[in-house]
*Asks:* 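Below is a structure I'd like to ask you about.
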Amino acid sequence: MEDTLKVPAPRTPLNLEVSFKRNYAREETKGTLKNISITGAFLEFSGGNVRANEKLNLIFVVAGRERKVAAHVIWANSAGVGVKFMPQNNRDVQIVDDLIYFVENDRSGRRSIMDTILKKVG
C-alpha cells in the first residue's frame with residue numbers, strides 16, 4: 001500500500017509575483033511563485049537568506065484582491081525555497097484553492113483562444 005503522506009500534491013506551474021515577510025521582520029521581500037499545490041509552493045527570489053523551518057507570510061494579489069497566507073519553509077537553496085502552507089482556517093485553504101483555479105482557468109482560456117486561432121489559420 002502506497003504511503004499517501006509522502007506523495008507530493010500535484011503542482012500547477014505559474015509565474016506570480018508575491019511579497020513575503022518573515023514572521024519577525026518588518027520589511028517585505030519580493031519573489032515569484034513558480035509552482036503551487038494545495039499544500040505548498042516553490043518561491044523563487046534573490047537576495048536575503050531564508051532558511052528551512054522559518055515561518056513566512058506570503059502576500060499576493062488575485063483578481064484584484066490582496067491575499068495573505070502563512071507558510072513554513074521546508075527546504076531552501078540558492079534559487080528559492082519550498083514552502084508548506086499553514087492554513088489557520090478554511091478561508092486560508094480557499095485562498096490557495098482559488099489561486100490554483102484562477103491560474104488553471106486562465107491557462108485553459110488562453111488554450112481555447114489559441115485553438116480557435118489555429119483552426120481559422122489551418
*Asks:* Determine whether Asn15 and Lys34 make a side-chain contact, defined as any pair of heavy atoms from C-beta on separated by less than 4.5 Å.
*Replies:*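 In short, these two side chains touch, coming nearer than 4.5 Å.
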
*Asks:* With the side chain counted from C-beta on, respond yes when Ile95 and Asp98 share a heavy-atom pair under 4.5 Å apart, and no when they do not.
*Replies:*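 A side-chain contact under 4.5 Å is absent here.
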
*Asks:* Within the 4.5 Å heavy-atom criterion, are Val69 and Phe60 side-chain neighbours or not?
*Replies:*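 SC-SC contact between Val69 and Phe60 confirmed.
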
*Asks:* Quick check: closest heavy atoms across Lys21 and Ile59, and the distance to 0.1 Å?
*Replies:*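 Scanning both residues, the minimum pair turns out to be CE-CD1, 4.5 Å.
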
*Asks:* Roughly how far apart are Phe20 CZ and Glu27 CD, rounded to 0.5 Å?
*Replies:*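 Answer for the CZ-CD pair, Phe20 versus Glu27, is 10.0 Å.
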
*Asks:* What residues form a salt bridge (charged side-chain N to carboxylate O under 4.0 Å, His left out) with Arg67, not counting sequence neighbours?
*Replies:*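 Arg67 satisfies salt bridge (charged side-chain N to carboxylate O under 4.0 Å, His left out) with no residue once adjacent residues are dropped.
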
*Asks:* Step by step, would you call Val83 with His72 a side chain to side chain contact (heavy atoms under 4.5 Å, CB included)?
*Replies:* CA-CA 5 Å; Val83 299; His72 178 87; over 6 Å; no

*Asks:* Given Leu43, which of Leu58, Val73, Thr32 fulfils the side chain to side chain contact (heavy atoms under 4.5 Å, CB included) condition?
*Replies:*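 The residue from Leu58, Val73, Thr32 that satisfies side chain to side chain contact (heavy atoms under 4.5 Å, CB included) with Leu43 turns out to be Leu58.
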
*Asks:* I'd like to know whether CG of Asn90 has more than 12 heavy-atom contacts from other residues, nucleotides or ligands below 6.0 angstrom.
*Replies:*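 Check fails, neighbour count at 12 or below.
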
*Asks:* Of Leu14, Leu33, Ile36, which meets side chain to side chain contact (heavy atoms under 4.5 Å, CB included) against Val103?
*Replies:*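 It is Leu14, the one option of Leu14, Leu33, Ile36 that forms the side chain to side chain contact (heavy atoms under 4.5 Å, CB included) with Val103.
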
*Asks:* Using the test side chain to side chain contact (heavy atoms under 4.5 Å, CB included), find all partners of Thr39 that sit at least two apart in sequence or belong to another chain.
*Replies:*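 For Thr39 the side chain to side chain contact (heavy atoms under 4.5 Å, CB included) partners, ignoring immediate neighbours, are Ala9, Ser37.
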
*Asks:* Looking at CE of Met86 and CG of Asn57, how far apart are the two atoms once the value is rounded to the nearest 0.5 Å?
*Replies:*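 The CE atom of Met86 sits 11.5 Å away from the CG atom of Asn57.
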
*Asks:* Where is the tightest heavy-atom contact between Ser19 and Lys30, given as atom of each residue plus distance?
*Replies:*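 For Ser19 versus Lys30, the nearest heavy atoms are OG-NZ, 3.1 Å.
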
*Asks:* With Phe42, which residues qualify under ring-ring contact (aromatic ring centres under 6.0 Å, His included), at least two apart?
*Replies:*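 Expected list: Trp75.
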
*Asks:* Should the heavy atoms of other residues, nucleotides or ligands under 6.0 Å from CD of Glu66 be counted, would the total exceed 12?
*Replies:*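 Counting other residues, nucleotides and ligands, CD of Glu66 exceeds 12 neighbours.
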
*Asks:* Hydrophobic cluster membership, with links at side-chain heavy-atom distances under 4.5 Å among I/L/V/M/F/W/Y: are Phe102 and Val93 in one?
*Replies:*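 Cluster IDs for Phe102 and Val93 match.
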
*Asks:* Test side chain to side chain contact (heavy atoms under 4.5 Å, CB included) on Leu99 and Leu16; report intermediate values, then the result.
*Replies:* CA-CA 10 Å; Leu99 175 57; Leu16 180 69; 3.8 Å; yes

*Asks:* Can you tell me how far the OG1 atom of Thr12 sits from the CG atom of Asn35, to the nearest 0.5 Å?
*Replies:*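 Output value for this atom pair is 8.5 Å.
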
*Asks:* Is the closest side-chain heavy-atom distance between Ile74 and Lys84 below 4.5 Å?
*Replies:*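 A side-chain contact under 4.5 Å exists here.
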
*Asks:* Is the shortest heavy-atom distance from the side chain of Ile38 to the side chain of Phe85 under 4.5 Å?
*Replies:*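 With C-beta onward as the side chain, the pair stays apart.
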
